[in-house]
J.: 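Questions regarding the structure given below will be posed in turn.
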Amino acid sequence: MSELHDLSALELWRLLQAGETSPVELTAHYLERIERIDPAIGAFVTVTRDAALERARVVQDTVPTAAPLWGLPSADKDLLRRAGVPTGFGSRAFAEFVPDESDPLVIDMDDAGAVSLGKTATPEFGLPSYTESLASGPTRNPWNTELGAGGSSGGAAAAVAAGLLPFAVGSDGGGSVRIPAAACGLVGLKPSRGRVPGGSGLASLAGLAVAGPIARSVVDAAFLFDGMISPRGLPAAHRSAVRAPGDDGPFLASAVHGEGRFQLGVTTSSAWDEYTDIRIEEPALAALTIARSALERRGHGTEDLVLDPDPGYAPAFRTIWQAGAAAIPVDGEREELLEPLTRWLLERGRAVPARQLVESLAWLADYEMRLIAQLSTFDAVLTPALAMTPRPIGWYDASDGERNFDQQVRYTPFTSWVNVSGLPAITVPVHDTDDGLPMGVQLIGRPGGEAVLLSLASQLERAVRRPVRHPALW
């Protein structure tokens, strides 16, 4: 007989709606698993046990069951402020910080009826694509605890993969939902810029960072996605006059039905090809071959695609990455509390001339238009999710910023340019290595094309027929 954590998020929601379990019972179940399993993983930096149980009682007694995520456990990435809960941003410099106000996405999840169990781990200020913070220690991959979970939503992905949460919210400024999802064998959706009101990306530098769902299936990702967009029901309450094209959902039907035949571009090229030697490992290529064959069997057309070379991409993106660290609110002696990579980024970022920043922003805006035009003949584009298998803990150079940046690019060459373009993208696990490590692919959609992506991803998930597997610590 299945236990609660064996069930999908949608199945749990149906049990809750039928009264066959309760928000309090479900919350207590996951809290027990976190207490027992998480010490081996490090997915959580803070567990709010008492607050979670109280919140579950409030949801159970006062929140209408029509709330889209009613009674379902989730957690806040530690880049998000929740009033009264320690928020460290993955940094020793904020070890004592407790905010008085909550961020919009946190409020939206509460309004959707979810129950937060605490804060999931992130690297310092979410800057790198791996989660090995000195403030809380490394977040380990549930499939092999000698390996990392990816980043920057590494804690969220590790928690879902280990069955500590049914799904989780992440944020993605250069791949930070898709990278850990792929490393942990999960589905990760990076929405179009402007799609999720509480995490639209419109306020972030170059519009890079958006909020997106991480889940064990395409259906569960779509289910959480709908709750993030419209926590109080449709129409979605956008906080800005600018939004992604197309409807705001609901998107669950696209994932459930998985209909349509589409034309796909397939590429192993990336915007980083002019910057460094990108070498795609055999397991990543095998995943791409499996996905392409599976989609062709479903009747989709595929065509090889080579992205136009763009030597200007790397310097422009590096400028934005460094400049993004310039506003970190740490000065003077407190800078010594920052990790070496963060200090390097902060120093570089604060030294960026205004003209260079403006020119880089303009270059990336032009790149967005050129990339969208090049991909416009396809309904979606298929790439590897990552170029390598998940990296060992300690693989990244902690002191040499230049080498560290190169390592991140070589591991994750297919993600950041999707953020620059504002396009939606989704990662789906399709393959397992001989060592049992999951490998996935990425599908990139048209502007506002989440419905097509979810339909395609659902079809791919079914066509591959990857057996249900769980990590040994499950």
Side-chain angles (χ1 to χ4, degrees), residues 2-13 26-27 29-38 40-45 47 52 69 72-80 109 114-122 131 139-145 147-172 175-190 211-225 227-228 255 385 390 426-429 437-440 457 461 466 468-474:
S2 296
E3 294 194 55
L4 289 172
H5 59 274
D6 293 321
L7 302 178
S8 71
L10 190 57
E11 288 170 333
L12 290 172
W13 182 81
L26 195 56
T27 297
H29 177 84
Y30 278 99
L31 286 169
E32 185 278 329
R33 284 185 61 79
I34 293 169
E35 182 178 7
R36 178 164 48 87
I37 296 173
D38 192 51
I41 301 172
F44 282 81
V45 294
V47 179
L69 303 177
L72 289 169
S74 187
D76 308 314
K77 185 175 177 179
D78 199 34
L79 298 182
L80 291 171
M109 288 294 289
V115 178
S116 175
L117 307 189
K119 299 303 236 17
T120 55
T122 184
T131 306
T139 298
R140 300 180 180 274
N141 195 316
W143 294 99
N144 181 339
T145 54
L147 306 178
S152 65
S153 305
V160 176
L164 309 183
L165 291 172
F167 50 33
V169 171
S171 58
D172 191 316
S176 290
V177 161
R178 292 159 290 154
I179 293 164
C184 294
L186 303 169
V187 174
L189 174 62
K190 177 240 175 252
I214 297 172
R216 296 201 300 269
S217 71
V218 177
V219 165
D220 277 358
F223 179 41
L224 175 54
F225 188 42
M228 293 169 65
I426 191 169
T427 55
V428 185
L437 295 177
M439 297 296 293
E461 196 175 56
R466 186 168 169 263
V468 176
R469 295 176 58 240
H470 298 303
L473 48 69
W474 185 270

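Index from 1, following the sequence.
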J.: To the nearest 0.5 Å, tell me how far Phe223 CZ sits from Leu72 CG.
T.: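 Phe223 CZ to Leu72 CG: 5.5 Å, rounded to 0.5 Å.
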J.: Minimum heavy-atom separation for Ile41 to Pro142, with atom names?
T.: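 In this case the closest contact between Ile41 and Pro142 is CD1-CG, 4.3 Å.
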J.: Any chance you could measure Leu117, atom CG, to Ile34, atom CD1, to the nearest 0.5 Å?
T.: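 If I round to the nearest 0.5 Å, the distance is 4.5 Å.
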J.: When you measure from the side chain of Ser74 to the backbone N and O of Ser116, does any donor-acceptor pair fall under 3.5 Å?
T.: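 Checking the backbone N and O of Ser116 against the side chain of Ser74, no donor-acceptor pair under 3.5 Å is found.
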J.: Going by the angle between their ring planes, with limits at 30° and 60°, are His29 and His5 parallel, tilted or perpendicular?
T.: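 It falls in the parallel class, under 30°.
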J.: So do Val115 and Leu26 actually touch side chain to side chain, heavy atoms under 4.5 Å?
T.: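 They are not in side-chain contact.
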J.: Looking only at heavy atoms, what is the nearest atom pair of Ala181 and Val187, with distance?
T.: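 The pair with the smallest heavy-atom distance is CB-C, 3.9 Å.
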J.: Would a 4.5 Å heavy-atom cut-off, applied to side chains only, mark Pro438 and Arg466 as touching?
T.: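 With C-beta onward as the side chain, the pair touches.
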J.: When you measure from the side chain of Lys119 to the backbone N and O of Leu80, does any donor-acceptor pair fall under 3.5 Å?
T.: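 At least one qualifying donor-acceptor pair exists.
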J.: Identify the two heavy atoms, one from Met109 and one from Leu224, that lie closest to each other, and give their separation to 0.1 Å.
T.: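 It is CE-CD1, 3.9 Å.
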J.: So, taking the atom named CG in Asp78 and the one named OG1 in Thr120, what distance separates them when rounded to the nearest 0.5 Å?
T.: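 So the gap between those two atoms works out to 7.5 Å.
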J.: Using atom types as modelled and distance alone, determine if a side-chain donor or acceptor of Arg33 lies under 3.5 Å from a backbone N or O of Gly163.
T.: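 Flag set: sc Arg33 to bb Gly163 pair under 3.5 Å.
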J.: Of the options Asp172, Leu165, Val177, which is the one that meets Ile214 in a side chain to side chain contact (heavy atoms under 4.5 Å, CB included)?
T.: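 Exactly one option meets the side chain to side chain contact (heavy atoms under 4.5 Å, CB included) with Ile214, and it is Val177.
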J.: Answer yes or no: does atom CD of Glu32 have more than 12 heavy-atom neighbours from other residues, nucleotides or ligands under 6.0 Å?
T.: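 Yes, because the 6.0 Å sphere around CD of Glu32 holds more than 12 heavy atoms from other groups.
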J.: If only atom types and distance count, is the side chain of Asn141 paired as donor or acceptor with the main-chain N or O of Ala183 below 3.5 Å?
T.: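 The answer is yes, because a donor-acceptor pair under 3.5 Å joins these two groups.
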J.: Walk me through it: do Asp220 and Val160 pass the test side-chain contact (heavy atoms from CB on, under 4.5 Å)?
T.: CA-CA 11 Å; Asp220 277 358; Val160 176; over 6 Å; no
J.: Kindly give the heavy-atom pair with the smallest separation between Ala43 and Asp38, and that separation in Å.
T.: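 Closest approach of Ala43 to Asp38, heavy atoms only: N-OD1, 2.7 Å.
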J.: I need the Leu473 CG to Arg36 CZ distance, nearest 0.5 Å.
T.: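 Spacing of CG (Leu473) from CZ (Arg36) equals 10.0 Å.
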J.: Just verifying a value: how many Å separate Leu4 CG and Glu11 CD, rounded to the nearest 0.5 Å?
T.: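 Answer rounded to 0.5 Å: 11.0 Å.
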J.: Ser176 and side chain to side chain donor-acceptor pair (under 3.5 Å): which single residue from Ser152, Ser171, Ser153 fits?
T.: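 Testing Ser176 for a side chain to side chain donor-acceptor pair (under 3.5 Å) against Ser152, Ser171, Ser153 leaves exactly one candidate, Ser152.
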J.: Any sub-3.5 Å donor-acceptor pair from Arg216's side-chain atoms to Leu7's backbone N or O?
T.: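 Side chain of Arg216 to backbone of Leu7: a pair is present.
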J.: If every non-hydrogen atom of Ala161 is compared with every non-hydrogen atom of Trp143, which pair is closest and at what distance?
T.: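 Shortest heavy-atom separation between Ala161 and Trp143 comes out as CB-NE1, 4.5 Å.
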J.: Could you measure the distance from the CH2 atom of Trp474 to the CD1 atom of Ile37? Nearest 0.5 Å is fine.
T.: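 Taking CH2 in Trp474 and CD1 in Ile37, the distance rounds to 8.5 Å.
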J.: Looking only at non-hydrogen atoms, find the nearest pair between Ala121 and Thr139 and report the distance.
T.: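 Smallest heavy-atom distance, with atoms named: CB-OG1, 3.3 Å.
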J.: Got a donor-acceptor contact below 3.5 angstrom from the Trp13 side chain to the Leu69 backbone?
T.: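 No: the side chain of Trp13 does not pair with the backbone of Leu69.
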